[in-house]
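As the structure lists them, so they are numbered: ligands from 1, and atoms in each ligand from 1. Residue indices begin at 1 and follow the sequence shown. Since this is a predicted model, take the numbers as computed values, not measurements.
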Amino acid sequence: EHCKGVNGLDKVILREIRGCSAEVYLDGGQVTSWKNEFREQLLFLSSKATFKPPNAIRGGIQICFPQFGTIDSLEQHGFARNRLWSVDPDPPPFPANTSHRAFVDLILRHSEEEVKIWPHRYECRLRIALGPGGDLMLTSRIRNTNTDGKSFTFTFAYHTYFSVTDISEVRVEGLETLDYLDNLKNRERFTEQGDALTFESEVDKVYLSTPTKIAILDHDRKRTFVLRKDGLPDAVVWNPWDKKAKAMTDFGDDEYKHMLCVTAACVEKPIILKPGEEWKGRLEISAVPSSYCSGQ
Ligand code: TA6
């Protein structure tokens, strides 16, 4: 359902038969809401989010392309999350065995002014779908459409803000014992300890070569988020904690207690595409009752 969201911005609402829903703004191709059949908000959206393009909306799932992080002249996390996407008039066909009904296909192409800062032509396609169980599935396809024979290199991330009851009661399973780059220590490389991650201070780590499946256990709400990813070997874990929270104007001082970013990404080894080549990155997230997840 296409409609107007905050500040009259264009958005699409996806509804699944059991009442699960998702909302995506054409600004940034950004998912801002994902609800289960009890209408619970599963993604974090700051109460101070500005909804003022071109700045990205604080929360939800932001598309970071052509880079995650800051590399020379490009803005932090690239320009895709700060651009207006459009509905794809010619989307790629669904794989035969898919059963989801609620979906939207968006596309972002290079703009002439953008070519000045990133001298490449590309097509970035994004499919957002709700599965039969209310799972949220994102598929990105990036194609090099350069006509000058030039390859290009990029990094990519689904910058995802999960809503949690109390960050001090959250555990993340699947990243233990892995190497990570610590953004708080000059991106130095360390090895994670042997058990699930817990949180009692600012964290900003890029875990490398992570498993397909990562679990976020929200103890209080007896709910577990399960991430399954493909083509996205790394995972960024971020919570700004109190000091950084105060420094962000589009983020409430106390909101760090109710969110955690676990971002499926391709950061350590940038992707190189020749003209005509296409890369695909998939993320599927489900929210299940914690009793469901064994071995917690
Ligand atoms: O998620 C990791 C991170 O790179 C943090 O360092 C922090 O900057 C966060 O992204 C948010 O970035 P943003 O540009 O959206 O404020």
Side-chain angles (χ1 to χ4, degrees), residues 24-25 27-32 43-83 85 117-118 138 140 154-164 167 170 172 174-175 178-190 192 197 199 201-208 210 214 216 225 227 229 232-253 255-268 270 281 283 285:
V24 51
Y25 277 79
D27 286 278
Q30 186 169 347
V31 175
T32 51
L43 295 177
F44 169 83
L45 185 67
S46 175
S47 59
K48 298 195 162 180
T50 59
F51 290 86
K52 275 209 185 64
N55 295 334
I57 300 159
R58 178 68 64 188
I61 304 176
Q62 302 173 349
I63 305 297
C64 299
F65 169 78
Q67 90 202 7
F68 177 80
T70 17
I71 303 172
D72 44 69
S73 63
L74 280 180
E75 62 241 66
Q76 158 101 327
H77 296 334
F79 44 69
R81 65 176 185 167
N82 301 331
R83 292 278 314 285
W85 292 56
I117 48 165
W118 198 64
L138 292 100
S140 292
F154 67 96
T155 54
F156 181 92
Y158 287 116
H159 201 296
T160 308
Y161 289 72
F162 289 97
S163 169
V164 298
I167 185 64
V170 169
V172 172
L175 301 176
L178 297 181
D179 278 9
Y180 63 87
L181 307 176
D182 193 335
N183 278 330
L184 303 180
K185 295 182 181 135
N186 212 8
R187 288 173 67 79
E188 245 183 83
R189 191 178 181 120
F190 297 89
E192 190 54 74
L197 308 188
F199 303 91
S201 62
E202 182 184 356
V203 62
D204 191 347
K205 298 178 176 177
V206 181
Y207 288 86
L208 308 172
T210 61
I214 298 171
I216 305 168
F225 292 105
L227 286 76
K229 53 194 179 60
L232 297 157
D234 308 319
V236 187
V237 177
W238 176 58
N239 186 297
W241 222 257
D242 54 349
K243 221 158 64 326
K244 286 272 174 66
K246 285 192 178 61
M248 291 190 283
T249 54
D250 60 348
F251 191 88
D253 289 357
E255 286 186 325
Y256 71 92
K257 294 175 182 166
H258 310 296
M259 54 68 74
L260 178 67
C261 278
V262 178
T263 291
C266 188
V267 177
E268 187 193 27
L283 170 65
I285 24 181

Point to revise | Parallel, tilted or perpendicular: rings of F68 and H77 (30°, 60°) | key: parallel

Exercise for review: Show your working on side chain to side chain donor-acceptor pair (under 3.5 Å) between S140 and Y158 and close with a plain yes or no.
Suggested key: CA-CA 9 Å; S140 292; Y158 287 116; 2.7 Å; yes

Review point. Is K244 in contact with ligand 1, taking contact as a heavy-atom separation below 4.0 Å?
Key: no

Practice item. Mark the output for M248 as yes if a heavy-atom distance to ligand 1 is under 4.0 Å, and as no if none is. Key: no

Point to revise | Nearest protein heavy atom with distance in Å, relative to atom 8 (O) of ligand 1 | key: Q76 NE2, 3.1 Å

Practice item. For N183 and ligand 1, answer yes if some heavy atom of the residue is under 4.0 Å from a ligand atom, otherwise no. Key: no

Study note, to complete from the structure: Note: ligand 1 atoms sitting under 4.0 Å from heavy atoms of D204 are 2 (C), 5 (C), 6 (O)

Practice item. Scan F162, F44, Y161 and name whichever one has a ring-ring contact (aromatic ring centres under 6.0 Å, His included) with F225. Key: F162

Review point. Taking 4.0 angstrom as the limit, do R58 and E255 come out as a salt bridge?
Key: no

Exercise for review: For ligand 1, find out whether one of its N or O atoms is nearer than 3.5 Å to an N or O atom of R58.
Suggested key: yes

Check your understanding: What residue and atom, counting heavy atoms only, is the protein's closest point to atom 3 (C) of ligand 1, and at what distance?
Key -> H77 NE2, 3.8 Å

Check your understanding: Counting heavy atoms not belonging to K246, are there more than 12 under 6.0 Å from its NZ?
Key -> yes

Practice item. Describe, in one word, how the ring planes of Y256 and W241 are oriented to each other, choosing from parallel (under 30°), tilted (30 to 60°) and perpendicular (over 60°). Key: tilted

Exercise for review: Check whether any N or O atom of Y161, backbone or side chain, sits under 3.5 Å from an N or O atom of ligand 1, and answer yes or no.
Suggested key: no

**Study point:** Donor-acceptor under 3.5 Å (Q30 side chain, I63 main chain)
**Key:** no

Study note, to complete from the structure: The option among R81, H159, E75, K205 carrying the non-hydrogen atom nearest to atom 15 (O) of ligand 1 is R81

